[in-house]
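Okay, so here's the structure we're looking at.
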Amino acid sequence: MKKRVKKQYQNILTEKTVVIVFKAHHCRIVNLHSLHFSPPPPLHFYTSTTTATTRVSSLVSSLGKIMPNFSNQIRASSSLIRRLRQRVANPAVLIQTRCFTTTEGHRPTIVHKRSLDILHDPWFNKGTAFSMTERDRLDLRGLLPPNVVSSDQQIERFMVDLKRLEVQARDGPSDPNALAKWRILNRLHDRNETMYYKVLIANIEEYAPIVYTPTVGLVCQNYSGLFRRPRGMYFSAEDRGEMMSMVYNWPADQVDMIVVTDGSRILGLGDLGVQGIGISIGKLDLYVAAAGINPQRVLPVMIDVGTNNEKLLKDPMYLGLQEHRLDGDEYVAIVDEFMEAVFTRWPHVIVQFEDFQSKWAFKLLQRYRNTYRMFNDDVQGTAGVAIAGLLGAVRAQGRPMIDFPKQKIVVAGAGSAGIGVLNAARKTMARMLGNNESAFDSARSQFWVVDAKGLITEEREDIDPDAQPFARKVKEVGRQGLGEGASLAEVVRQVKPDVLLGLSAVGGLFSKEVLEAMKGSTSTRPAIFAMSNPTKNAECTPEEAFSIVGDNIIFASGSPFNDVNLGNGHIGHCNQGNNMYLFPGVGLGTLLSGSSIVSDGMLQAAAECLAAYMSEDDVINGKIYPSISSIRDITKQVAAAVVKEAIEEDLAEGYREMDARELKRLSKEEIEEYVQNNMWSPEYPTLVYRKE
């Protein structure tokens, strides 16, 4: 009998109808692509034949004979069996009812706490929005005012208070309004996460610069004084040998996204030590707001290996290790231990490295990228956003993106961000030229790299190995009247580039002399990218660029600036090339594809998707990046592009009930629907108490 059932099971499996899963003598009827669900979800089938209907009935009957209590074990009533037969027999219903997952954020949430413990937990607290039935169920009656208010009413009340308290929350005249807003938003974050993200998403243009750059830089600089309650995890040099057990101190059984920093190079502000945790928190706020990663499944992390910031070493208020940074093998051993620990507990987590100093950013990326699901946003995210902007600049000239390899680009800055952009741009050009050795060599000749010592040539002593591929040949630059160490202004004047790209973290580097030299560009529409963060580190302002170089330029920056009124009804658009256009979609797409790595192709697909997002009219008018207000839609499309690329590279392994085989069958529209359905939205879930 068992052999006959097994044979029937195999036949039905090939017809992709329904699977009876045997495991420890327990059975359940499930969707073919939902094998881990119990109790069974609504059944969805993709093929239908009379034979299949008969075989399902026969299989159910056979199982009943060998397992007398079968009906209880599969938790399926006779009505469920009838529904199964009806759906297998009706192909039209199958197509109409096909779905990929329950919409993220709309599942009931099981909690193991009640009463004041719920009100003090920002993950589950709803404040006055708890319904009366929930108040009874969770022992909250009498602990809240009797009036039940909606989430919209809560937000309205909060926004009124926010506007009133902005000034009052300032710590004296030296405390800017932006930091006051951060304080108020952070207090809401500590009380009620759902409401916090609802406010952030609804006002993303206003508050993204508060929770992320540029305000987050100020937060990090003052974090020891701003610290009120812990958020995230801290792994220090004193925890060596203990990290594997430490990860189990985090309360969430599932973590999808980790942002980790060692605080060594925060937004171009230098070594801020343990205070750099603020950048991890801010980044994950955008993963939640833009990508819809569930906030209960994110984890900000600080790896504290000391600091070389003498001011912090002497500051009695500093919260981190007051010793000089570890280096060399000791440093690598700590990061190795951290990576092994988090991937042991959460094998499918994605780790984003953030603001590691240049000397380690590339080494750690190369060390881990083929072993773990990880990427470095400073190297790869910045590069992707810059590539999207550069391709947009080509479109703004009225040329197709395939003309990108013809662009002459002067790059100011050879740190991790600068080299990351150079590598990505070179690969993009080479791919357009044929993706062979000759194409790579040809692409190299389109870049002139200038660092603190001037133009980098092959004559440079002790040249950084990462910058070596972009060192100009002495004879080449000699013919242009340039030499080793030539100044930025000299290089711009002689090269006459199409693009001047700043990733130097040196505020005001694009001086009047440099911008005057850009007026000689051979491009019909030269582009100036002042990409360094925060605002004070921008290489120039849009006002300076438009007033000196001319009204026809394309301008982009890393931090937000206002558009420039050029007079006569004309506007000089300031495009913010913010990494938040890309990294949330890269993370979400990697998660939903199930890819075990973040490949160059996936990052390239993300950049090209962003570049193509803008309409032709927008690009011709000087807009090469979209509005932040569209960030959820942008992220959805970028994530879909990443999923599609992972499928094409045969890296996709699936997510939840969507396995790799089913992913490959999805159309472009279905992939976008799949992504949309897995984006968390800040709606209060139904809470159900269950004793542990």
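These figures come from a predicted structure and were not determined experimentally.
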Going by distance alone, is a donor N or O of one side chain under 3.5 Å from an acceptor N or O of the other, for [X] and [Y]?
X    : Y    : result
D600 : Q604 : no
E649 : S599 : yes
D285 : Y196 : yes
N579 : Y212 : no
E683 : T194 : no
N125 : N192 : no
S416 : D378 : no
Y207 : K181 : no

Given 3.5 Å as the limit, does a donor-acceptor pair link the side chain of [X] with the main chain of [Y], or not?
X    : Y    : answer
D239 : F235 : no
D256 : V349 : no
Q322 : L312 : yes
R369 : V598 : yes
R240 : A237 : yes
N309 : D271 : yes
T428 : A424 : yes
N203 : V199 : yes
R373 : V351 : no
S627 : S629 : yes

key: Step-by-step side-chain hydrogen bond (donor to acceptor under 3.5 Å, both in side chains) determination, Q576 to S559   = CA-CA 6 Å; Q576 186 187 1; S559 287; 5.6 Å; no

| Less than 6.0 Å separating the ring centroids of F375 and F353? | no

(Q) Using ring centroids (six-membered ring only for Trp), state whether F583 and Y287 fall under 6.0 Å. (A) yes

When every non-hydrogen atom of S557 is compared with those of C574, the smallest separation belongs to OG-SG, 3.6 Å

Heavy-atom nearest pair, N537 first then L267, reads ND2-O, 3.6 Å

Result for salt bridge (Lys or Arg N to Asp or Glu O under 4.0 Å) between E193 and one of R297, K126, R231 points to R231

Test salt bridge (Lys or Arg N to Asp or Glu O under 4.0 Å), reference K359, set D327, D466, D262, output is D327

Around atom [atom1] of [X], are there more than 12 heavy atoms of other residues, nucleotides or ligands at under 6.0 Å?
X    : atom1 : result
N249 : CG    : yes
K644 : NZ    : no
H348 : NE2   : no

- Task: Name the orientation class of the two ring planes belonging to Y625 and Y581 (parallel below 30°, tilted from 30 to 60°, perpendicular beyond 60°).
- Result: parallel

Cationic N near anionic O, under 4.0 Å, D377 to K283: yes

message: Side chains of L226 and L179, heavy atoms from C-beta outward: is any pair under 4.5 Å?
response: yes

For the residue pair K536 and L269, establish whether any side-chain heavy-atom pair is separated by less than 4.5 Å. yes

message: Please determine whether side-chain hydrogen bond (donor to acceptor under 3.5 Å, both in side chains) holds for the pair T261 and D355, giving the CA-CA distance in whole Å, both sets of side-chain angles, and the decisive distance to 0.1 Å.
response: CA-CA 6 Å; T261 184; D355 284 351; 5.5 Å; no

